[in-house]
Amino acid sequence: MSSFVTHLEAAIDGTKLPHDRLQTTHEGRPLWVRYDLEAVGRAVTRDAVERREPALWRYRELLPVERDENVVTLGEGMSPLLPCPRLGAELGLDRLWIKDESQLPTGSFKSRGLCMAVSRAKELGVKRLAIPTAGNAGGALAAYAARAGLEAWVFLPADTPEVNQIEALLAGARVFRVDGLITDCAAIVAAGKEPMGWFDCSTLKEPYRIEGKKTMGLELAEQFGWKLPAAILYPTGGGTGLIGMWKAFAELDELGWLADAARPRMFACQSSGCDPIVRAFDADERFADPVADAHTVASGLRVPKAVGDFMILDAVRASGGAARRAPEDELVGWTRRANALEGIAVCPEAAACLAVLADLVGEGAIARDEDVVVFNTGAAQKYVEALRAEPPELPATGSPETIDWDALAAT
Ligand SMILES: *Cc1c(COP(=O)(O)O)cnc(C)c1O
């Protein structure tokens with residue numbers, strides 16, 4: 001099949017651009033992918049989609065790849081939507097859900113965006129891909145590039161979690177440590193485009209990662225019986241997922257697939273250690289100033305400047321939600337609590353959402369009986385350094401003959 005894409009559209013001023021060639025940004029700002037949704041509606045129904053394999057590519061007609069042979073896949077999606085009664089009770093909520101993206105290939109939702117970006121890059125003849133990353137995006141790019149037989153060049157801050165460095169190396173990428181933040185890595189990738197001939201897969205600097213992330217919103221709607229929850233809390237770095245979900249809801253609405261027009265309130269959650277979107281929200285600005293000295297154990301949130309800032313803020317405001325910060329020193333505690341209460345590998349980024357959620361419930365901004373969804377964007381197991389920083393006591397037991405069972409039972 002060919003895709004239903006009609007064109008690309010500059011988010012900043014609506015300029016139309018053709019999609020049959022490589023595109024990056026317009027005026028330094030991101031591009032939307034636009035579809036002929038009427039034709040999509042004629043080609044496929046909701047019911048037909050529901051009968052397909054439970055994977056991201058079940059939404060094929062709403063995705064930008066032209067030819068099936070260019071689909072690069074590691075079997076991604078759908079991620080489970082898990083009810084969380086114990087964590088919910090602790091937060092004062094009857095219907096708390098976690099959409100668990102830690103189960104996707106490479107252990108984070110970055111695989112959704114990068115399977116789409118790599119598929120399209122391959123389709124358009126790219127051979128060499130490059131990415132600046134706070135961690136998980138580099139691992140995902142490396143894996144999908146390997147899968148497609150393309151080159152990956154990964155630039156990450158020197159203090160990126162070690163697992164992220166190793167996973168990219170394992171997948172055969174060329175990996176470089178940069179003394180600085182993701183913005184410094186991005187400057188290297190941008191400067192190297194000409195001399196190195198690589199294609200820049202940075203967040204929102206090519207049009208297709210949003211389309212991959214959009215599938216989180218499509219799945220969520222389907223999993224709720226083509227309705228949407230009352231509130232979504234999303235750990236926001238570059239914001240692709242939040243922007244993508246908001247786009248998904250608009251497309252589903254236009255297709256007439258939503259049983260109910262009500263949209264969720266979208267809460268963009270950040271850490272007090274790196275909160276540019278929250279500052280802009282509070283100041284009533286549409287664009288965010290870069291924050292200095294960005295630091296957080298939630299490495300995916302260590303994005304001091306997002307090119308899609310206005311797209312995040314527009315969606316948050318249109319939804320009646322907010323951008324909120326969690327105290328940095330509460331992230332490890334919420335990570336532990338959520339893992340222990342529900343057995344879900346909740347990462348520190350998602351923990352920021354839980355801290356914010358506690359505040360929102362306390363303020364009455366979210367009611368006990370509302371359906372609330374928190375996105376667990378990655379796997380806790382990747383954050384060895386952050387989680388070891390507060391070591392739990394691991395007692396030694398001795399051999400079976402010498403164990404004092406009463407003492408053990410009392411621990
Ligand atoms: C990248 C990342 C984020 C931020 O995602 P955006 O869509 O870019 O805002 C959140 N959590 C984790 C685990 C990540 O890897």
Side-chain angles (χ1 to χ4, degrees), residues 30 79 98-114 116-117 131-141 143 154 156-157 160-161 163-164 167-168 181-183 185-186 201-206 209-217 232-248 266-271 274-278 288 294 296-309 311-313 315-316 323 326 331 335 338 344-354 356 374-383 386-387:
S79 70
I98 288 183
K99 181 119 169 98
D100 188 15
E101 299 286 306
S102 73
Q103 300 188 32
L104 282 156
T106 72
S108 92
F109 74 150
K110 288 294 194 297
S111 48
R112 292 185 188 267
L114 285 153
M116 213 57 63
I131 200 164
T133 176
N136 286 321
L141 176 74
V154 174
L156 37 74
T160 299
V163 173
N164 293 134
E167 65 179 345
L181 294 171
I182 188 172
T183 35
C185 301
C201 292
S202 300
T203 299
L204 296 170
K205 291 189 184 165
E206 63 75 55
R209 281 176 66 181
I210 296 184
E211 296 305 295
K213 292 270 188 91
K214 181 178 89 176
T215 58
M216 291 190 292
I232 291 177
L233 286 91
Y234 180 82
T236 305
T240 346
L242 190 147
I243 294 167
M245 280 193 274
W246 195 245
K247 182 173 191 280
M266 306 291 286
F267 293 94
C269 304
Q270 300 196 305
S271 157
C274 184
D275 57 359
I277 300 299
V278 181
T296 168
V297 295
S299 46
L301 305 187
R302 206 160 57 134
V303 181
K305 167 90 193 129
V307 282
D309 48 5
M311 298 156 87
I312 304 169
L313 287 156
V316 162
L331 300 189
T335 302
I344 301 170
V346 171
C347 64
E349 288 83 351
C353 296
L354 297 174
V356 166
V374 168
F375 273 80
N376 181 38
T377 42
Q381 294 89 330
K382 287 184 149 185
Y383 299 79
L387 297 173

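Just so you know, these numbers come straight off a predicted model, no measurement behind them. Order of appearance sets the numbers: ligands from 1, and atoms from 1 within every ligand. For reference, positions follow the sequence shown, starting with 1.
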Exercise for review: Specify the closest pair of heavy atoms between L104 and F109, including all atoms of both residues, with the distance to one decimal.
Suggested key: CD1-CA, 4.0 Å

Practice item. Go through the side-chain N and O atoms of S79 and E101 and say whether any donor and acceptor fall under 3.5 Å apart. Key: yes

Review point. Do R112 and T215 have a side chain donor and acceptor closer than 3.5 Å?
Key: yes

Check your understanding: Considering only heavy atoms, which protein residues lie less than 4.0 Å from any atom of ligand 1?
Key -> F109, K110, N136, K213, Y234, P235, T236, G237, G238, G239, T240, G241, G300, E349, T377, G378, Y383

Point to revise | Under the side chain to side chain donor-acceptor pair (under 3.5 Å) test, residues paired with S202 that sit two or more places apart | key: D200

Review point. Does some side-chain heavy atom of L204 sit less than 4.5 Å from a side-chain heavy atom of R209?
Key: no

Review point. So do P235 and L301 actually touch side chain to side chain, heavy atoms under 4.5 Å?
Key: yes

